[in-house]
Amino acid sequence: MTALGAGRRDPAIVRWGLTLIALAFLALFVALPLAAVFAQAFDKGWSVYLAAITDPEALQAIRLTLMASAIAVISNLLFGIAAAWCIGKFQFRGKSLLVTLIDLPFAISPVIAGLIFVLVFGSHGWFGSWLTDHNMQVIFATPGIILATVFVTFPFVARQLIPLIESQGSEEEEAGLALGAGGWQTFLRITLPNIKWGLLYGVILCSARAMGEFGAVSVVSGHIRGETNTMPLHVEILYNEYNFAAAFSVASLLAILALVTLAAKSFLEWKVKTEITAHAREAAAAGGKG
Amino acid sequence: MRAYRFKQFSVLPGFWPAFSASTLYLTLIVLVPLSAIFLRTATADWAHLWKVVSSPQVVASYKLSFGASLVAAVVNAVFGFLVAWVLVRYSFPGKRLVDSIIDLPFALPTAVAGIALTTIYVDGGWVGRVLSRWGIHVAFTPIGVTVALIFVGLPFVVRAVQPVLAETDRDIEEAAHSLGATRWHTFRRVVFPLARPAVLAGFAMAFARGLGEYGSVVFISGNMPMKTQIAPLLIVTRLEQYDYAGATAIAVVMLLASFLMLLVINALSSADRGKGAR
Amino acid sequence: MSIEARNITKTFGRYAALRDVSLTVNEGELVALLGPSGSGKTTLLRIIAGLETPDAGTGGAVLFDGRNVIDDRVGERRVGFVFQHYALFRNMTVFENIAFGLRVRPRKERLPEEKIRERVRELLELIQLESLAARFPSQLSGGQRQRVALARALAIEPKVLLLDEPFGALDAKVRQGLRTWLRKLHDTVHMTSLLVTHDQDEALEVADRVVVMNQAHIEQVGTPEEVFHHPASEFVMDFMGAVNLFHGRIESGKAVFGPLVLDHAGSAASDGQAARLFVRPYDLDITHRPGGEPGICARVTRVQAAGPHVRVELRAESGEAVVVEMPHAQFRAARVHAGDDVYVSVRDARIFTEDYSI
């Protein structure tokens, strides 16, 4: 690392001064909130903690969260692979527009993400009366929660896969086809193994966001206890009832999830990086013409 | 003239299934629902919309949302740059751990962050206790809103700046030193201009994220009308009263404003890049 | 199996890669497609393989043994294709890479696993990499990877072998070895082969025939001797190696380049037409005194005696830079030093006028 060498020549006082300021800032704004979650969760001891997370309503919230996240992750994964395949491997008109549109949900406030589904499926929405006539409910029910979750986590997998697939070119697939392999065989045996770590990375980011989503889900859920509460919404209700210990207990589960995500993220980032650098190295070994 | 061709030939199969599946999914999940908000606005009673948007409570929420996001993004630009600088150039024990914890605001559910920040910054909390002694109250004030937005926006700047600083050539700095520039001068004239587009990009992302943020803010803000209500909260309140038109009006202004801001910032940063290239 | 490409036209956007190109490769022949980058040679190879298609409506055809295969997919054409950057499957071992083409066949046509292993072992022996069967591509050197790529292509018993700059990415020494090896391989297997290269030495050394391409069309087709000694155009002459260029004009059946007057009878070039004289550096002589032959006056600017030949750089009176190459013995006899004023005479040259050449 060249930059590290440059830093060594900064005077020690500058070096340590800046490092301390940076660490203090991070401690105040990042580490302290994390510590607070666990401190509050165990404030009243283990038995209260266990009771809070095994409460039937909590368990229902956990189940709903896991289900909505699973559906969101699977559908966005399939979409991500399809989008990355056509964007990463083919040249067509309007490609950059498609990429921009895929990123759109990132630019939209989660509350507005919830609002648009209310406008489409709510009782006064486009399909509201049709849904009522057919005795179906989307808003203030599980389908709405799933839709909102799918929307906010929409770009995650595609965003990871597009640059990865693009960087790998098409030669290996062409070689597979030239050797007589079919389209699916080529995809399953050649493309998929080459993107597996990037895929997993996208899935992890996607599921972390799906389980933690609050704003969008809050708008469409209706906060019906024991029915349409996800974990973050359950945390909110407990907190607003001043049941802090229980709120933080459930919150601590989400915090643990976040920490697992971070650990997996660091590991996979390293994996993906080696995946990409291995390719770059091969290309470099294959000469300057690459 | 050759015939118009949508796609270049490739031997790889599966373009049409993949393309149609992904555009269909994109249309159903994102484009159609999103168009609802604009169609609603177009067909609504504009006088009513203007009344909603110009009401003092809504204007105050816009001011708070934009103001707090702006301040938080500025703080993040400064401290995010500092953190990236320290992580790239210096080594200290636990650096890898610190590096991975930067992403915590991405990974931690916003509601969890919200209640945790509130607990710390209320007057009796770990930090609030100290600050309240000097008469500074964070929770349930605009400062609290800003603190929450600093939390959610931090990774954007750090992650944007880090790779640029890591790639900045040591030779450039050494050349500047050898020409007699002082350390500060080298930083201000050589190193910072190289990183400035990345800082701006990170700033823009943190700002945009702050405008729309809801979960981490609603707990610490206290939601007092005219004082600490952010715009997304007003959307939620209107929806709870089944006032779809009002919610839509507030949302459209927010969407347009944040698209506009992003456009301006993109133009600024591309102008900046152009200058760097010359 | 013979290959014929007929009236191939290909454009990428506004850029023409091939303009109505036709080419025939005879059964058992090794032909090199030679040209600078962007000349269309790789595109032609990929169209023959089925990795690209000619422009629709231009009537281009690719015939294998007289049968049009233009509508066959790449997998159906049974071609062995060797990619410039090898395109080895990263997630598979050397063994699995070579076995791939055999293992992906439909169950009915597939050889039993034992037969597949046997075949792969034979190929590993052929490329002399038996000991590396369990390695991954990232653990191999460039030359080894290229041999694996070749074995993988041969595994499906292709009818033709197509190689896209197979040695372009290797360093000079490995390249030389592989070139000789490829030629030997071709002499034993006798498979119809088409090789794309931008390196004229490689084309001249390996191929039975050379096809020189430039700017989307074929400049010349011929044996290595033909294209080297009788280039059909200025481009081929220039591309085949360093040349000296003099400008002059045609006067009453003679080509006149300053004091040099060369016979140009029997050509249709008319008087006053511009002419260009191309002379290879080793077809020039240097003398201190004007001899029988008319010569160009020049001053020696630099002498470079390291290497197999002596390279003398001069500046002609008319201002043109001239390079002369000669064997060391001849150089010693000529006693030339930097700064000397000398006469340069032409032993052999080619004259090109606007449209005609001899």
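Below, read A as the first sequence line, B as the second, and so on, with proteins coming before strands; counting in each chain starts at 1. Basis for what follows: all heavy atoms, side chains included, without hydrogens, waters or symmetry-related copies.
- Taking CD1 of B/I150 as the start and CZ of A/F29 as the end, the distance is 4.0 Å to the nearest 0.5 Å.
- Contact tally against chain B (heavy-atom pairs below 4.5 Å) for A/T186, A/L34, A/V14: the top residue is A/L34.
- Contacts of A/V219 with chain B are made by side-chain atoms alone, with heavy-atom separations under 4.5 Å and no backbone atom involved.
- With a 4.5 angstrom heavy-atom cutoff, B/A247 touches chain A via backbone and side-chain atoms both.
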For this session: Could you walk me through whether B/F15 and A/F92 pass the ring-ring contact (aromatic ring centres under 6.0 Å, His included) test, one step at a time?
Result: CA-CA 10 Å; B/F15 172 77; A/F92 58 93; 5.1 Å; yes
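- For A/L254, the parts lying near chain B are the backbone and the side chain together; criterion is any non-hydrogen pair under 4.5 Å.
- Looking at A/Q40, the atoms closer than 4.5 Å to chain B (heavy atoms on both sides) all sit in the side chain, from C-beta outward.
- Both the backbone and the side chain of A/T19 have a heavy atom closer than 4.5 Å to some heavy atom of chain B.
- Proximity to chain B (any heavy atom under 4.5 Å) is shown, for A/S75, by both the backbone and the side chain.
- Here A/C86 is the residue among A/C86, A/G212, A/G114, A/A208 with the most heavy-atom pairs under 4.5 Å with chain B.
- At a 4.5 Å heavy-atom cutoff, the contact between B/I102 and chain A is made by side-chain atoms alone.
- By number of non-hydrogen pairs under 4.5 angstrom with chain B, the leading residue of A/A22, A/A39, A/A31, A/P110 is A/A22.
- Residue A/L18 touches chain B through both its backbone and its side chain, counting heavy-atom pairs closer than 4.5 Å.
- For B/L39, the part lying near chain A is the side chain, with the backbone staying farther off; criterion is any non-hydrogen pair under 4.5 Å.
- In this structure, the portion of A/F140 lying under 4.5 Å from any heavy atom of chain B is its side chain and not its backbone.
- Most heavy-atom pairs under 4.5 Å with chain A: of the set B/S100, B/S216, B/G80, B/G125, this distinction falls to B/S100.
- Between atom CD1 of residue A/I108 and atom CG of residue B/L34 there is a gap of 4.0 Å, rounded to the nearest 0.5 Å.
- Interface residue A/L23: only side-chain heavy atoms are found under 4.5 Å from chain B.
- Heavy atoms from other residues, nucleotides or ligands lying under 6.0 Å from OH of B/Y242 number 12 at most.
- Below 30°, between 30° and 60°, or above 60°: for B/F79 and A/F25 the angle between ring planes is below 30°, a parallel geometry.
- For A/I87, no part lies under 4.5 angstrom from a heavy atom of chain B.
- Looking at A/V118, the atoms closer than 4.5 Å to chain B (heavy atoms on both sides) sit in the backbone and in the side chain alike.
- You'll find the side chain of B/V112 stays beyond 4.5 Å of the side chain of A/P232, heavy atoms only.
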Exercise. Can B/Q8 and A/F90 be said to form a side chain to side chain contact (heavy atoms under 4.5 Å, CB included), step by step?
Worked result: CA-CA 7 Å; B/Q8 274 179 26; A/F90 297 89; over 6 Å; no
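- Of the listed residues A/V120, A/L98, A/L119, the one with more heavy-atom pairs under 4.5 angstrom with chain B than any other is A/L119.
- Using a 4.5 Å cut-off between heavy atoms, A/L147 touches chain B through its side chain atoms alone.
- Only the side chain of A/I112 comes within less than 4.5 Å of a heavy atom in chain B; its backbone stays farther off.
- Listed options A/L115, A/V37, A/V235, A/T261 were ranked by heavy-atom pairs under 4.5 angstrom with chain B; first place goes to A/L115.
- For CD1 of A/I13, the number of neighbouring non-hydrogen atoms (other residues, nucleotides, ligands) closer than 6.0 Å is 12 at most.
- Residue contact with chain A, scored on non-hydrogen atoms closer than 4.5 Å, is absent for B/W16.
- With a 4.5 angstrom heavy-atom cutoff, A/K265 touches chain B only via side-chain atoms.
- The aromatic rings of A/F214 and B/F219 sit tilted relative to each other, their planes meeting at an angle between 30° and 60°.
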